[in-house]
Amino acid sequence: MPAARVSEWRKLPVSLTELCIETTLRCGQSFRWRKLGDEWHMSLYGRILSLKQDSTHLHYKATWPAATSTPFTTSTSAKEETVVDDTEELVKHYFSLKHNAAALYNQWSQSDPNFRKKAPKFTGIRILSQDAWETLIGFICSSNNNISRISQMIHKLCENYGPLIGNIGDEAFHEFPTPEALKGKEVDAHLRDLAFGYRAKYIAETARIVSEERPTDWLESLTNPNNPGWGTGHRSGLLRANYKEAHEQLLQLVGVGPKVADCVCLMGLSWGEAVPVDTHIWQIAQRDYSFARVKSSSLSKSMYHSIGDHFRRIWGDQAGWAQSVLFTANLKSFSARPKAEPDPVAVKLQAEVCETVTGEVETKYKVEEDTLVGSMRQFRKRRVSATGGTDLENTTIEQELISVAPRSRKRRRPLRLS
DNA sequence: AGCATGCCTGCATG
DNA sequence: ACATGCAGGCATG
């Protein structure tokens, strides 16, 4: 491969409260970022974008393949060769930096005590403005799956069907494959061999529909016009869709239900009011927002929409962002973040984990009393690992349960039906 | 309309 | 060892 052209590191002034890439790039929005040392890398619109962050700035650089027509221009006014490209605009767009995170966090905290309680440890989470097609395929892969495995699958897709962009160290970076590249029976079969399971046919079939049965730029035409997309440029197109229409259009595809459709709306089409309700958000709605606890393990369509409507009502037009903050705060991999100072922080953390335990026991309590002891045993283990070792071993599980259960009954609120 | 079931795989748990 | 449950759902009946 010919030598790549690499820009200098540049930087944008951004506080960690406005953006924390460590959290935002790992919380299950994007599945392609790779961390090498303290730098994050991903191929994006024809280049490898590299990022690193300190307490005052976001640093970025771009690595372009030398073979393609270069986007670099040389400033005629400067003697020294000055690299000018669109990477700054791309970074601003990708992280939706035009929004003020602190102001929005404040707004959500004012209107929602639960958010006020949970959010302070999870500042700097932002909704990414990702490529719609990549978002669609990523979240088709996400069903019955976990972030680690989704990331591996997406990596395989790129390796096998995406053109090579370049390398960072030993690591090869491929562009995300196009719909044309992913359609067809052979892709289906190959993806099954690559352990995609039943998602293989969803991907191949969705790729076929998008490339053959929809107009060019159909997917992009569903973008929120207030935040036009990147890549092929904005199309003064056909639909001028609103959120509901975009959501319904996506549901026509194969392997796309309401949750996946909302993920694409939120992170790929910039519809801030889209609230993807997965099992975790459903739990949160039941635990912290008085939604009825149901015996059946599946979420009905009407319940799906009423949960979204509730969050749109209390959080407003960026409800999906607020949802993402609470979602991340609830993720196991983030719930016990390692902290530098053990003592005062551990105490605080302990208190919070106890609260979580109380809430989850409350949830369990109504559903299946016989699993309570097992749950509490599990919770204790988690608390031990979260706080770094010690626990109140002189308190029996039964004693701790008794101290938790009555309070949970007292705090039970009237059930919200439908 | 709401609900149960099967679907692929990888991993943790007992 | 082996079974079972479950992980950021969806399509089907």
Side-chain angles (χ1 to χ4, degrees), chain A residues 23-31 125 127-128 130 135-157 187-206 209 247-248 250-268 274-287 292 294-308 311 320 323-335 360 364 367-368 371 373-375 377-382 385 417-418:
Chain A
T23 311
T24 300
L25 300 183
R26 293 194 309 124
C27 69
Q29 294 191 62
S30 176
F31 306 105
I125 296 171
I127 298 298
L128 302 173
Q130 301 185 79
T135 309
L136 174 59
I137 296 302
F139 284 96
I140 284 177
C141 291
S142 77
S143 79
N144 267 323
N145 214 339
N146 55 65
I147 294 174
S148 160
R149 184 173 163 223
I150 300 164
S151 303
Q152 293 174 41
M153 289 162 68
I154 296 300
H155 185 63
K156 287 182 197 168
L157 270 189
V187 175
D188 182 350
H190 185 204
L191 293 183
R192 273 189 183 270
D193 288 343
L194 292 175
F196 278 62
Y198 60 86
R199 305 162 196 90
K201 100 166 140 14
Y202 294 162
I203 293 170
E205 178 63 4
T206 290
I209 294 173
H247 183 94
E248 284 173 22
L250 291 169
L251 287 181
Q252 305 303 309
L253 301 168
V254 189
V256 180
K259 189 266 182 183
V260 170
D262 273 333
C263 288
V264 178
C265 281
L266 178 64
M267 297 164 237
V275 179
V277 180
D278 58 29
T279 56
H280 291 267
I281 296 299
W282 190 25
Q283 302 300 327
I284 290 172
Q286 294 175 65
R287 192 188 66 200
V294 179
K295 305 131 224 11
S296 83
S297 58
S298 67
L299 178 62
S300 73
K301 198 146 194 166
S302 72
M303 184 62 80
Y304 184 96
H305 283 110
S306 76
I307 290 174
F311 286 137
Q323 172 268 4
S324 196
V325 174
L326 287 195
F327 175 86
T328 305
N330 206 54
L331 267 184
K332 284 191 181 67
S333 49
F334 286 94
S335 63
E360 295 191 18
K364 292 272 183 190
V367 186
E368 20 178 30
T371 65
V373 173
S375 299
R377 190 171 293 126
Q378 227 180 321
F379 296 141
R380 284 187 151 202
K381 271 164 76 177
R382 276 174 45 201
S385 69
L417 297 173
S418 104

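Quick note on labels: first sequence line is chain A, next is B, and so on, each numbered from 1.
- If you measure from atom CG of A/Leu136 to atom P of C/dG9, you get 16 Å, rounded to the nearest angstrom.
- Taking the side chain of A/Ala195 as heavy atoms from C-beta on, and the options B/dC3, B/dG10, B/dC8, the nearest nucleotide is B/dG10.
- Looking at every heavy atom in both residues, A/Ser142 comes nearest to A/Lys259 through OG-NZ, 3.9 Å.
- Rounding to whole angstrom units, CZ of residue A/Arg192 and P of B/dG10 are separated by 13 Å.
- With rounding to the nearest 0.5 Å, the separation of CD in A/Gln286 from CE in A/Met303 is 7.0 Å.
- A search for side chain to side chain donor-acceptor pair (under 3.5 Å) contacts involving A/Ser143 returns A/Tyr198, not counting sequence neighbours.
- Distance check: A/Ile125 CD1 to A/Leu25 CG gives 11.5 Å after rounding to the nearest 0.5 Å.
- Using a 4.0 Å cut-off on heavy atoms, the residues of residues 144-156 of chain A that approach DNA chain B are A/Asn144, A/Arg149, listed by number.
- Remark: nothing in residues 259-268 of chain A comes within less than 4.0 Å of DNA chain B through any heavy atom.
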List the steps, then state whether side-chain contact (heavy atoms from CB on, under 4.5 Å) holds for A/Leu136 with A/Leu253. CA-CA 10 Å; A/Leu136 174 59; A/Leu253 301 168; 3.8 Å; yes

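- Between the CG atom of A/Leu157 and the CG atom of A/Leu191 there is a distance of 6.0 Å, given to the nearest 0.5 Å.
- Looking at A/Ser151, its side chain does come within 3.5 Å of a backbone N or O of A/Ile147 through a donor-acceptor pair.
- Rounded to whole angstrom, the span from the CZ atom of A/Phe327 across to the C1' atom of C/dG9 amounts to 13 Å.
- Here the C1' atom of nucleotide C/dC6 and the NE2 atom of A/His280 are 10 Å apart, to the nearest Å.
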Given the rule in the side-chain contact (heavy atoms from CB on, under 4.5 Å) test, do A/Asn330 and A/Ile281 qualify, once you have shown the distances and angles that lead to the verdict? CA-CA 9 Å; A/Asn330 206 54; A/Ile281 296 299; over 6 Å; no

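- A straight line from OH of A/Tyr198 to P of B/dC8 spans 9 Å, rounded to a whole angstrom.
- Between the C1' atoms of C/dA7 and B/dG2, the separation comes to 24 Å (whole Å).
- Here A/Arg199 lies in heavy-atom contact (under 4.0 Å) with a base.
- A/Leu299 places its CG atom 11 Å from the P atom of B/dG2, with the value rounded to the nearest Å.
- The interatomic distance linking A/Tyr304 (OH) with C/dG8 (P) rounds to 16 Å, in whole Å.
- The minimum heavy-atom distance linking A/Val277 with A/Gly308 is given by the pair CG2-N, 4.3 Å.
- Rounding to the nearest 0.5 Å gives a distance of 15.5 Å between CZ of A/Arg149 and NE2 of A/His155.
- Note on A/Cys141: nothing from the nucleic acid sits closer than 4.0 angstrom, heavy atoms only.
- Once rounded to the nearest 0.5 Å, the distance linking CD of A/Gln323 with CD1 of A/Ile284 reads 8.0 Å.
- Within the 4.0 angstrom heavy-atom criterion, no nucleotide atom of any strand lies near A/Phe196.
- The closest donor-acceptor contact from the side chain of A/Gln29 to the backbone of A/Gln130 lies at 3.5 Å or more, if one exists at all.
- One interatomic measurement links the two molecules: CD of A/Gln252 to C1' of C/dC10, which rounds to 14 Å at whole-angstrom precision.
- To the nearest whole angstrom, the two P atoms, one in C/dC2 and one in B/dC8, are 24 Å apart.
- For the atom pair CD1 (A/Ile137) and CD1 (A/Ile150), the distance works out to 13.0 Å, reported to the nearest 0.5 Å.
- With sequence neighbours excluded, the residues satisfying ring-ring contact (aromatic ring centres under 6.0 Å, His included) with A/Phe327 are A/His280.
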Dot-bracket for DNA chain B: what is it, with Watson-Crick or G-U pairs under 3.5 Å, [ ] where a pair crosses earlier ones, and | for a pair to another strand? ..|||||.||||||

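- The nearest pair of heavy atoms linking A/Asn145 to A/Met153 is ND2-SD, 3.4 Å.
- Look at the P atom in both C/dG8 and B/dA1: the space between them is 31 Å, to the nearest Å.
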Are any protein N/O atoms closer than 3.5 Å to N/O atoms in nucleotides 11-13 of chain C? If there are, list each pair with its distance.
from, atom 1, to, atom 2, distance (Å)
C/dA11, OP1, A/Gly255, N, 2.8
C/dA11, OP1, A/Val256, N, 3.3

